[in-house]
Amino acid sequence: MIIILTNNNDNLRADGRVFNELRPLKIEAGVLEKADGSAYLEIGGNKILAAVYGPRELHVRRIMRPDMAVIRCRYNMAPFSVGERKRPGPDRRSVEISKITADALRPAIFLEKFPRSTIDVFIEILEAEGGTRCAGITAASVALADAGIPMKDLVASCAAGKANGNVILDLSEDEDKEGEADLPIAIMPRSGEISLLQMDGHMTPDEFDKALDLAIEGCKQISEAQKNAIKDRYGEENG
Ligand code: ADP
């Protein structure tokens, strides 16, 4: 299939979105019985499950911290999540994304409340359509809240970038592949603190500023959806 990214007169993107529009987003908290916390997220064609265990005692001395909990993340793409069957198991990309996910979530958690403990986060990409690292962080943050882990804020994540000469929010897989740049970020909306910022490709300083502003606005919208998912879950338990 050949996909042409057109810059048509009304400035709509190939999937009909305007430049600052997120893909359709759905988040549900507490979808798994056995994990301590969980969330299911869809954004565009991405389908993602996040599950959390902990805080629980950590017996691995090498990584245990006497003064705080450690957070361990595993990002995994299912073999059936992409067009061509993906070889199961970790690869360089998933190891990198697991690490940056833990880095993005860590500053939001009151880790010092749980010395000698671990919080384990599992992110399973069931279907991928671009932007899975951000969607995984967003889902994991809801799963952490669902597990009752005390946090300063829900970390919200999305990317902006440049495709077909335009700076745009929340790149689809085609825009990511064909485009000029991708800028995934994660923020804690209350403080405005940025806990993840990566960039792939080329943008001018002006385009970078515009993309960063767009991504921050996108994260704020995502943050509202996260809060609603937690509220819906809370209401369910008490209704
Ligand atoms: P992100 O998912 O965070 O955008 P990348 O920038 O590495 O990460 O983009 C990878 C995208 O490419 C995925 O979201 C997915 O839609 C697509 N893709 C297709 N095949 C694969 C594969 N074998 N491994 C990883 N991504 C793939």
Side-chain angles (χ1 to χ4, degrees), residues 1-5 13-15 17 19 21-27 39-50 73-105 121-143 155-164 166-187 194-203 207-208 211-212 214-216 218-219 221-222 225-226:
M1 185 171 58
I2 298 170
I3 291 150
I4 302 163
L5 297 175
R13 292 152 67 177
D15 58 9
R17 285 184 288 156
F19 76 100
E21 191 176 343
L22 290 171
R23 288 169 289 180
L25 171 65
K26 178 180 134 183
I27 310 178
Y40 174 72
L41 179 147
E42 288 181 6
I43 183 160
N46 292 303
K47 294 192 167 84
I48 295 173
L49 256 182
C73 292
R74 193 194 71 181
Y75 164 104
N76 180 56
M77 279 187 122
F80 49 80
S81 64
V82 288
E84 297 238 335
R85 175 186 177 273
K86 190 201 160 285
R87 199 163 162 232
D91 51 25
R92 277 182 60 173
R93 178 177 169 276
S94 67
V95 170
E96 176 226 326
I97 296 179
S98 299
K99 182 192 176 295
I100 59 107
T101 299
D103 292 345
L105 295 170
V121 177
F122 297 92
I123 295 165
E124 296 291 327
I125 310 301
L126 306 176
E127 257 175 27
E129 197 242 333
T132 60
R133 74 192 61 211
C134 294
I137 292 167
T138 298
S141 190
V142 174
V155 178
S157 179
C158 78
K162 185 180 168 191
N164 210 23
N166 298 316
V167 176
I168 52 174
L169 177 64
D170 186 29
L171 282 73
S172 67
E173 180 178 316
D174 297 327
E175 289 168 335
D176 189 4
K177 273 194 199 146
E178 318 264 327
E180 293 94 86
D182 185 25
L183 177 75
I185 68 161
I187 67 166
I194 294 177
S195 62
L196 168 76
L197 194 152
Q198 296 188 295
M199 185 167 139
D200 189 19
H202 298 280
M203 284 191 279
E207 287 167 346
F208 175 87
L212 184 58
L214 270 186
I216 290 171
C219 287
Q221 287 177 44
I222 287 170
Q226 288 176 304

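Both counts, for ligands and for their atoms, begin at 1 and track the order of listing. One is the number of the first residue; the rest follow in order along the sequence. The shown structure was predicted, so the numbers you read here are calculated from the model rather than taken from an experiment.
- Side-chain atoms of Glu129 and Asn46 include no donor-acceptor pair closer than 3.5 Å.
- Looking at Arg133 next to ligand 1, an N or O pair under 3.5 Å apart turns up.
- Annotation: atom 2 (O) of ligand 1 to nearest protein heavy atom, Thr132 OG1, 2.5 Å.
- Between the side chain of Glu180 and the backbone N or O of Asn164 there is at least one donor-acceptor pair closer than 3.5 Å.
- Within ligand 1, counting atoms from 1 as listed, the ones closer than 4.0 Å to a heavy atom of Ala128 are 14 (O), 15 (C), 16 (O).
- Of the protein's heavy atoms, Arg93 NH2, 3.6 Å lies nearest to atom 10 (C) of ligand 1.
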Self-check item: salt bridge (Lys or Arg N to Asp or Glu O under 4.0 Å) between Lys162 and Asp182, worked out
Solution: CA-CA 7 Å; Lys162 185 180 168 191; Asp182 185 25; over 6 Å; no

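- Annotation: atom 16 (O) of ligand 1 to nearest protein heavy atom, Glu173 OE1, 2.5 Å.
- Numbered from 1 in the order shown, with element, the atoms of ligand 1 that lie under 4.0 Å from a heavy atom of Glu129 read 16 (O).
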Self-check item: Step-by-step salt bridge (Lys or Arg N to Asp or Glu O under 4.0 Å) determination, Glu96 to Arg92
Solution: CA-CA 6 Å; Glu96 176 226 326; Arg92 277 182 60 173; over 6 Å; no

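- Checked by distance only, ligand 1 and Gly130 come closer than 3.5 Å through their nitrogen or oxygen atoms.
- Considering backbone and side-chain N/O of Asp176, one or more are found under 3.5 Å from N/O of ligand 1.
- Any N or O atom pair closer than 3.5 Å counts here, and Gly131 shares at least one such pair with ligand 1.
- Of all the heavy atoms of Met77, the ones lying under 4.0 Å from any atom of ligand 1 belong exclusively to the side chain.
- Considering only non-hydrogen protein atoms, atom 22 (C) of ligand 1 sits nearest to Val82 CG1, 4.1 Å.
- Contact annotation: the side chain of Tyr75 never approaches that of Glu124 to less than 4.5 Å [non-hydrogen atoms, C-beta and beyond].
- Taking every heavy atom of both residues into account, Arg23 and Leu171 meet most closely at NH2-O, 3.5 Å.
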Exercise. Determine, step by step, whether Ile123 and Asn76 satisfy the side-chain contact (heavy atoms from CB on, under 4.5 Å) criterion, reporting the C-alpha distance in whole Å, the side-chain angles of both residues, the deciding distance to 0.1 Å, and the verdict.
Key: CA-CA 6 Å; Ile123 295 165; Asn76 180 56; over 6 Å; no

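- Checking only distances, Lys86 never comes within under 3.5 Å of ligand 1, N or O to N or O.
- Taking the charged nitrogens against the carboxylate oxygens, Asp15 and Arg17 do have a contact shorter than 4.0 Å, which makes a salt bridge.
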